[in-house]
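Have a look at the structure below, then the notes.
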Amino acid sequence: MTNYELIMKLALERGFYFPSCEIYGDAQAGFWEYGPRGVSMKNKFIELWRRELVRRDGMLEIDGSQVMSKSVFVASGHIGNFTDPIIKCTKCNSTFRADRYISEKTGENVPERMPDEEIDQLIKKHELKCQNCKGDFGNVSRFNMMFRVGIGPAAEEAYLRPETCQTIFVDFARVFKTMRGKLPLGIAQIGKSFRNEIAPRQSLLRLREFYQAEIEVFCNPNKLDDLPRFEEVKNTVLNISDESSTVNQVTAEEAIQKGILPNKLVAYYLALLNEFYSKTGIDMKRTRFRRLSDEDKAFYASIAFDFEVETSIGWLELVACNYRSDYDLKGHSATSKQNLEVIDPSDQTKVLPHIFELSMGIDRSLYTILEHCYFQDFEHENRLVLKLKPYLAPILVGVLPLMTKDGLAAKAEGIYADLKQDYDTFLDESGSIGRRYRRLEEIGTPFAVTIDKTTMEDDTVTVRDRDSMQQKRIQISQLNNFLQGALKDS
RNA sequence: GCGACGGUCGUCCAGUUUGGUCUAGGACAUCAGAUUGCCAAUCUGGUAACCCGGGUUCAAAUCCCGGCUGUCGCACCA
């Protein structure tokens with residue numbers, strides 16, 4: 001079994017995630033549910049993101065609508081740029097990109113935005129047939145990766161957002177004003193995005209409905225190297241690969257000096273992101289920031305780095321880091337006829353901010369954490385351990401009476417009742433103690449508190465460490481301190 | 001979306017070739033009880049599945065058709 005399959009199995013068996021609508025035969029691919037363990041882990045991941053990025057940098061978090069009006073996507077370019085002309089064979093249903101198919105077969109230059117009627121005429125003129133079955137083509141249709149929704153009785157045209165950041169752009173002016181914004185200003189958002197992928201695959205890695213954690217940093221393009229807080233991260237070591245995939249291991253400061261990174265602002269946020277991921281338990285030796293070539297970049301990006309991680313199924317993109325310049329605010333300003341310029345309080349000049357974004361895929365990040373933390377301990381009956389950081393573990397501590405008689409169960413219930421107010425705690429009284437330890441390890445629970453006969457005499461319990469399997473005895477009254485400490489220093 | 005190959009308890013697999021003996025079997029997991037009392041022990045008992053919809057047939061897990069879905073390849077991937 002590959003590691004991907006092992007994680008999939010664990011996810012299904014232990015309630016991390018599973019297919020959506022699975023009791024129905026017509027359930028569509030690309031939709032997945034988080035089960036109880038997955039939700040707990042996701043919430044903790046998000047809390048870490050808030051701690052290490054949002055609060056650390058003083059960003060502002062918003063929570064916007066998933067349905068957005070058509071104009072938003074006219075302005076963003078998603079409607080104009082991202083409807084591909086499609087032709088379908090009427091006989092065998094094979095589907096082709098019309099523009100590419102025609103230019104490939106005839107050598108004619110077919111721009112993507114050529115009107116449908118002209119494309120239809122070209123097909124007639126050259127008498128093009130399906131290359132698979134020689135069948136006739138139907139008329140050109142348009143495939144857009146966005147989900148269209150009809151609002152109200154008249155079904156007014158609107159769309160599910162294909163990226164959460166559009167909300168941030170359209171809300172920028174109000175947030176900046178009402179929150180007394182100063183440049184550079186990070187605005188952050190966690191939420192769902194929707195893309196009608198042609199072929200969603202590999203569970204959490206390619207979804208039609210997925211979570212993003214996006215940070216849009218609004219900055220003054222004339223002051224990209226004017227950033228005092230860069231000092232905090234100048235020695236952070238980054239793995240950066242250039243377009244030839246050579247990886248340079250450099251500090252943030254060196255990266256600027258060597259011209260690998262363009263300015264302090266970009267370097268600062270890449271370093272913050274690096275520090276965030278180093279706290280998730282992902283093996284940072286298997287990560288890189290990959291600079292994208294002009295062909296690979298998104299249409300709105302002028303400089304782009306993908307933060308990638310090596311997994312059992314290859315390098316996986318977790319975060320897209322794009323310098324979007326003024327593309328978005330300019331577009332929204334033009335379409336909405338609103339002036340989105342702001343005064344940079346530092347020098348009282350008027351500026352249309354540029355944007356640098358960190359667009360994170362939460363689902364992919366969670367998968368990667370599971371895979372990098374997955375550990376089979378061959379020295380102990382192949383026990384399966386998820387070595388999750390305590391602050392990401394779905395359950396922090398298990399409470400286990402060694403046996404149920406002699407009042408141990410009642411004692412355990414008391415401790416459980418106390419701990420569960422502050423921590424994700426799991427009480428398990430049935431089965432052998434070894435089996436109960438194993439079950440907790442499988443879902444990454446870092447600690448197990450065991451109540452034994454000594455507990456009844458002196459109010460001490462043993463605390464077992466998941467990774468070392470070592471136990472130490474502490475006072476019940478010290479449990480709270482112990483767990484607090486464990487959450488902090490790991 | 002195309003092509004190839006698949007879809008059976010929570011998980012993995014047997015059964016499909018040659019329709020009937022399948023009231024669908026096993027392992028692990030899970031639940032209850034007994035026993036033990038610090039690392040997957042043992043015993044007993046239980047829960048639990050033929051992807052969905054049609055068709056052929058006296059009879060379908062098994063054959064046929066359609067759909068959905070999974071893996072892989074191609075294409076796609078703001």
Side-chain angles (χ1 to χ4, degrees), chain A residues 1-2 4-6 8-15 18-31 35 73 76-84 86-89 92-97 100-101 130-133 143-146 161-163 165-166 193 195-203 205-208 292 296-301 304 313 317 320 322 324 327-328 359 377 379-385 400-406 408 430-442 448-454 461-466 468-471 473:
Chain A
M1 264 208 205
T2 65
Y4 172 79
E5 289 169 321
L6 291 168
M8 194 66 239
K9 183 173 185 234
L10 181 70
L12 289 171
E13 284 182 339
R14 297 297 180 204
F18 47 88
S20 183
C21 310
E22 62 178 337
I23 65 169
Y24 285 104
D26 62 351
Q28 306 283 323
F31 299 93
F73 303 110
S76 71
H78 286 92
I79 285 183
N81 291 347
F82 297 99
T83 49
D84 297 335
I86 299 271
I87 43 173
K88 235 180 195 175
C89 170
C92 73
N93 252 344
S94 293
T95 311
F96 304 94
R97 273 282 295 267
R100 295 197 189 167
Y101 194 82
C130 171
Q131 65 182 22
N132 295 343
C133 73
F143 179 73
N144 192 304
M145 297 269 290
M146 286 194 293
R161 60 185 179 188
E163 48 180 14
C165 59
Q166 292 304 327
S193 290
R195 295 179 193 178
N196 200 358
E197 296 282 354
I198 295 172
R201 264 174 207 184
Q202 290 173 312
S203 60
L205 304 186
R206 188 127 177 248
L207 296 160
R208 286 184 166 132
L292 299 187
D296 290 339
K297 277 185 324 199
F299 66 102
Y300 48 65
I313 52 170
E317 174 196 337
N322 295 307
R324 303 176 70 125
Y327 178 90
D328 303 282
S359 173
D377 183 356
E379 288 178 18
H380 298 93
E381 304 87 28
N382 295 350
R383 74 184 181 120
L384 168 55
V385 189
L400 316 175
L402 194 56
M403 50 191 175
T404 50
K405 58 190 180 188
D406 297 338
L408 296 196
S430 72
S432 77
I433 191 70
R435 175 172 293 280
R436 284 179 275 162
Y437 288 145
R438 294 293 197 273
R439 269 200 295 251
L440 287 169
E441 292 164 350
E442 267 187 41
V449 166
T450 308
I451 290 86
D452 57 15
K453 282 181 179 159
T454 312
V461 290
T462 60
V463 178
R464 174 185 184 271
D465 177 74
R466 173 193 66 201
S468 67
M469 299 171 68
Q470 298 298 307
Q471 289 177 293
R473 187 165 280 279

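Each chain gets a letter, A, B and so on, in the order the sequences are listed, and its residues count up from 1.
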Item checked: Residues A:E441 and A:R464 bridged, charged N to O under 4.0 Å -> yes
Check: Is the shortest side-chain N to carboxylate O distance from A:R466 to A:D377 below 4.0 Å?
Finding: no
Detail all sub-3.5 Å separations between protein N/O atoms and N/O atoms belonging to nucleotides 35-37 of chain B.
{"from": "B:G37", "atom 1": "N2", "to": "A:L402", "atom 2": "O", "distance (Å)": "2.4"}
{"from": "B:G37", "atom 1": "N3", "to": "A:L402", "atom 2": "O", "distance (Å)": "3.3"}

Can you tell me how far [atom2] of [N] sits from [atom1] of [X], to the nearest Å?
X	N	atom1	atom2	value
A:L400	B:C38	CG	P	14 Å
A:M145	B:A78	CE	P	7 Å
A:R201	B:C74	CZ	P	10 Å

Check: Just by distance, with hydrogens left out, do A:T450 and A:Y437 show a side-chain donor and acceptor under 3.5 Å apart?
Finding: yes
Check: Under 4.0 angstrom, heavy atoms only, what part of the nucleic acid is A:E5 near: base, sugar-phosphate, or nothing?
Finding: nothing
Notebook entry, point to check: Which is true for A:A199 with a 4.0 Å heavy-atom rule: it touches a base, it touches only sugar-phosphate, or it touches nothing?
Noted result: base
So which protein N/O to nucleotides 27-29 of chain B N/O distances come out below 3.5 Å?
{"from": "B:A29", "atom 1": "OP1", "to": "A:R435", "atom 2": "NH1", "distance (Å)": "3.3"}
{"from": "B:A29", "atom 1": "OP1", "to": "A:R435", "atom 2": "NH2", "distance (Å)": "2.9"}

Margin query: Can you tell me how far apart CE (A:M403) and CG (A:D452) are? Round to the nearest 0.5 Å.
Written below: 8.5 Å
Item checked: Residue A:E379 excluded, over 12 heavy atoms near CD under 6.0 Å -> no
Check: Is any side-chain N or O of A:Q28 closer than 4.0 Å to OP1 or OP2 of B:U69?
Finding: yes
Next item on the list: Look at the side chain of A:E381 against the base of B:C39 and say whether a donor-acceptor pair falls under 3.5 Å; ignore hydrogens and angles.
Entry: no
Next item on the list: Give a yes or no on whether a donor-acceptor pair under 3.5 Å exists between the nucleobase atoms of B:C38, that is its base, and the side chain of A:Y437.
Entry: yes
